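Data block below; observations after.
Quantities reported herein were computed from a predicted structural model and do not represent experimental measurements. Letters go in sequence order (proteins before strands), and every chain restarts at 1. Just the heavy atoms: all of them, side chains too, but no hydrogens, waters or symmetry mates, feed the values below.
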Number of protein chains: 2
Amino acid sequence: MMTATSTAAARARTPSAQPAAGRHEVAERIAGTLQLLQDHVAITRRIVRAGDSVYEAGERFGMLHVINSGFFKTINLAADGREQVVGLHFKGDWLGFDGIAAGQYGCDAVALDTGEVWSIRYDALLAACARHPQLLGVLHQAMSREITRDRDSLLSLCTLSADARVADFLRYWADAMAQRGLRHDQITLRMTRAEIGNYLGMTLETVSRALTRLSREQLIAFPERGRRDVQIPDVQALGAYVQRSLAPASTTLQ
Amino acid sequence: MMTATSTAAARARTPSAQPAAGRHEVAERIAGTLQLLQDHVAITRRIVRAGDSVYEAGERFGMLHVINSGFFKTINLAADGREQVVGLHFKGDWLGFDGIAAGQYGCDAVALDTGEVWSIRYDALLAACARHPQLLGVLHQAMSREITRDRDSLLSLCTLSADARVADFLRYWADAMAQRGLRHDQITLRMTRAEIGNYLGMTLETVSRALTRLSREQLIAFPERGRRDVQIPDVQALGAYVQRSLAPASTTLQ
DNA sequence: CGCAAAGTTGAGCGTCCTCAAGCAGCGTGG
DNA sequence: CCACGCTGCTTGAGGACGCTCAACTTTGCG
């Protein structure tokens with residue numbers, strides 16, 4: 001199906017969903033980055049609350065931002081008013097790369113709950129990079145990771161059914177938590193169904209139905225009355241569910 | 001609709017589809033970049049033919065690549081064999097950013113026809129950037145543009161109907177040609193319907209039907225027998241078509 | 001010339017969207 | 001304190017857009 005070159009699966013790269021590998025590596029990388037910034041660059045710390053924006057589309061670019069804590073979304077705006085959640089961002093992620101080329105930010109970066117961002121003047125950062133090449137490496141890796149993640153989003157969006165996309169979304173969030181040493185057996189979705197749906201390219205009703213189906217299949221559970229908290233007994237089972245939905249019938253064949 | 005904050009249209013950033021503005025700027029920027037590379041970095045030139053890959057997923061990262069001529073696609077591979085065209089690339093675009101963070105490329109970069117790529121060792125580039133800060137600026141802008149474009153793809157994918165997506169795809173391609181001073185009233189699609197469909201998140205049949213409908217509406221025409229060449233009498237009309245399909249009925253209301 | 005690959009078109013169907021109703025949580029004010 | 005309204009969430013019924021399957025045509029190449 002699709003434009004498969006038949007050997008695709010055989011030579012596929014290391015899975016982006018590597019189950020538990022590299023948890024500590026990520027946490028350490030983030031700690032190292034934050035330390036590096038603290039030591040060599042002038043930082044402006046800022047506490048944000050849910051709904052606060054770090055920057056907005058059209059604003060003149062001058063700073064990059066690093067998340068020290070909290071959860072953020074980036075929203076792309078089209079000239080005609082369409083808006084699209086294009087990214088979710090956690091501790092250690094950078095915000096604002098989209099502004100470098102255009103000289104102004106291309107999207108809104110909004111806090112999903114209370115958190116702290118470190119803002120760094122781009123020119124000061126470049127100057128610091130000149131003195132500490134390690135810092136430049138960190139910066140480039142962050143941009144590279146951003147590109148990779150955006151493409152993974154495209155892949156999920158185009159190849160997965162609505163239910164699988166929701167499962168993949170939960171898996172992605174839980175993985176991000178696990179990698180950062182945060183609680184990941186139970187996550188609190190800080191987005192409304194409408195926001196999740198927007199991010200995943202579906203309506204809020206479809207999100208709701210998908211969550212209901214996933215909980216019927218015991219892949220997730222809602223411990224509280226308010227269904228914002230999602231319990232994930234087994235993250236790998238979510239990945240398996242995604243795989244299963246790719247091969248509707250022929251799983252055991254061959 | 002969606003999660004519109006009602007003022008979205010009012011404060012939307014400058015349109016990503018700025019009609020004809022900045023054509024020469026882009027061509028000049030590209031010429032400047034190529035000159036800069038030529039002057040200060042060791043370059044390996046390579047001629048590629050349709051189907052040749054510049055790099056493949058999983059390959060060890062060590063080089064970045066700049067397109068001197070030709071057309072390229074990047075294909076993302078999932079561990080399970082799903083594959084997805086995640087980007088189209090033209091003269092002046094960079095290839096390989098996705099490899100920086102992981103140490104290995106995360107996708108395939110494949111030539112869509114004959115072209116020339118310049119390959120540059122990443123470490124040598126960084127060394128050159130240290131001597132010529134201007135080069136670093138160019139590099140960052142290219143990465144930033146890549147991020148912006150991926151997000152624009154996400155936006156189109158999530159908010160547009162199949163027909164509008166095809167129209168937007170043609171508009172995007174024509175714009176890219178125009179910006180580079182290439183012929184843009186008639187473009188030659190160097191991809192099969194299946195590839196276009198994969199890129200746009202739809203089947204090849206839907207692509208075919210969309211093209212038929214667009215030609216019925218006189219927005220495009222097929223000058224040759226083989227329907228690979230697409231004539232676009234008025235690029236702006238394609239943009240208008242996309243807008244129209246967003247507001248099914250209420251265009252003149254309010 | 002003949003075969004394989006690419007493309008077009010049609011019919012039927014399924015997934016997801018639309019529209020609608022009802023419920024739950026929560027802050028406000030009478 | 002509870003009615004009230006608001007926002008967010010769930011669930012159902014019906015319909016549409018796009019997918020699947022299939023037949024046929026066209027193009028390109030050995």
Taken to the nearest whole Å, CG/Asn198(B) to P/dC19(D) is 12 Å

For dT27(D) and Arg228(B) - does any side-chain N or O of the residue sit under 4.0 Å from the phosphate oxygens OP1/OP2? no

Determine yes or no for a side-chain-to-main-chain donor-acceptor pair under 3.5 angstrom, with Asp108(A) supplying the side chain and Ala57(A) the backbone. yes

Nearest-neighbour nucleotide for the Glu205(B) side chain, dG7(C), dT20(D), dT18(C) considered: dT20(D)

Rounding to an integer number of Å, can you tell me how far Arg216(A) CZ sits from dT11(D) C1'? 10 Å

Across the strands shown, which category fits Leu204(B) at heavy-atom distances under 4.0 angstrom: base, sugar-phosphate, nothing? base

Taken to the nearest whole Å, CZ/Phe222(B) to C1'/dT8(C) is 11 Å

With no hydrogens and no angle check, do the side chains of Thr188(B) and Asp229(B) hold a donor and an acceptor under 3.5 Å apart? yes

Rounded to whole angstrom units, what separation is found between the CG atom of Asp163(A) and the C1' atom of dT15(C)? 10 Å

Using a 4.0 Å heavy-atom cut-off, does Arg165(A) contact any base of the nucleic acid, only the sugar-phosphate backbone, or nothing at all? nothing

Before you tell me yes or no, could you show the steps for Ser156(B) and Phe169(B) under side chain to side chain contact (heavy atoms under 4.5 Å, CB included), namely the whole-Å CA-CA distance, both residues' side-chain angles and the distance that decides it to 0.1 Å? CA-CA 9 Å; Ser156(B) 296; Phe169(B) 163 76; over 6 Å; no

Could Arg46(B) and Glu116(B) be called an ion pair, given the rule that one side-chain N must be under 4.0 Å from one carboxylate O? no

Give a yes/no on whether any side-chain N or O of Thr192(A) is located under 4.0 angstrom from OP1 or OP2 of dG8(D). no

How long is the line joining CZ of Arg193(B) and P of dT9(C), in whole Å? 10 Å

To the nearest Å, give me how far apart CE (Met202(B)) and P (dT8(C)) are. 14 Å

Distance below 4.0 Å between Thr212(A) side-chain N/O and dT11(D) OP1 or OP2: yes

Quick one: are the ring centres of Phe71(B) and His89(B) less than 6.0 Å apart? no

Ignoring hydrogens and angles, are the base of dG12(D) and the side chain of Arg209(A) linked by a donor-acceptor pair under 3.5 Å? yes

Nearest-Å distance, CZ (Arg227(A)) to P (dC9(D))? 10 Å

Can you measure Leu200(A) atom CG to dC17(C) atom C1' for me and round it to whole angstrom units? 15 Å

Is the phosphate of dG7(C), meaning OP1 or OP2, less than 4.0 Å from a side-chain N or O of Ser208(B)? no

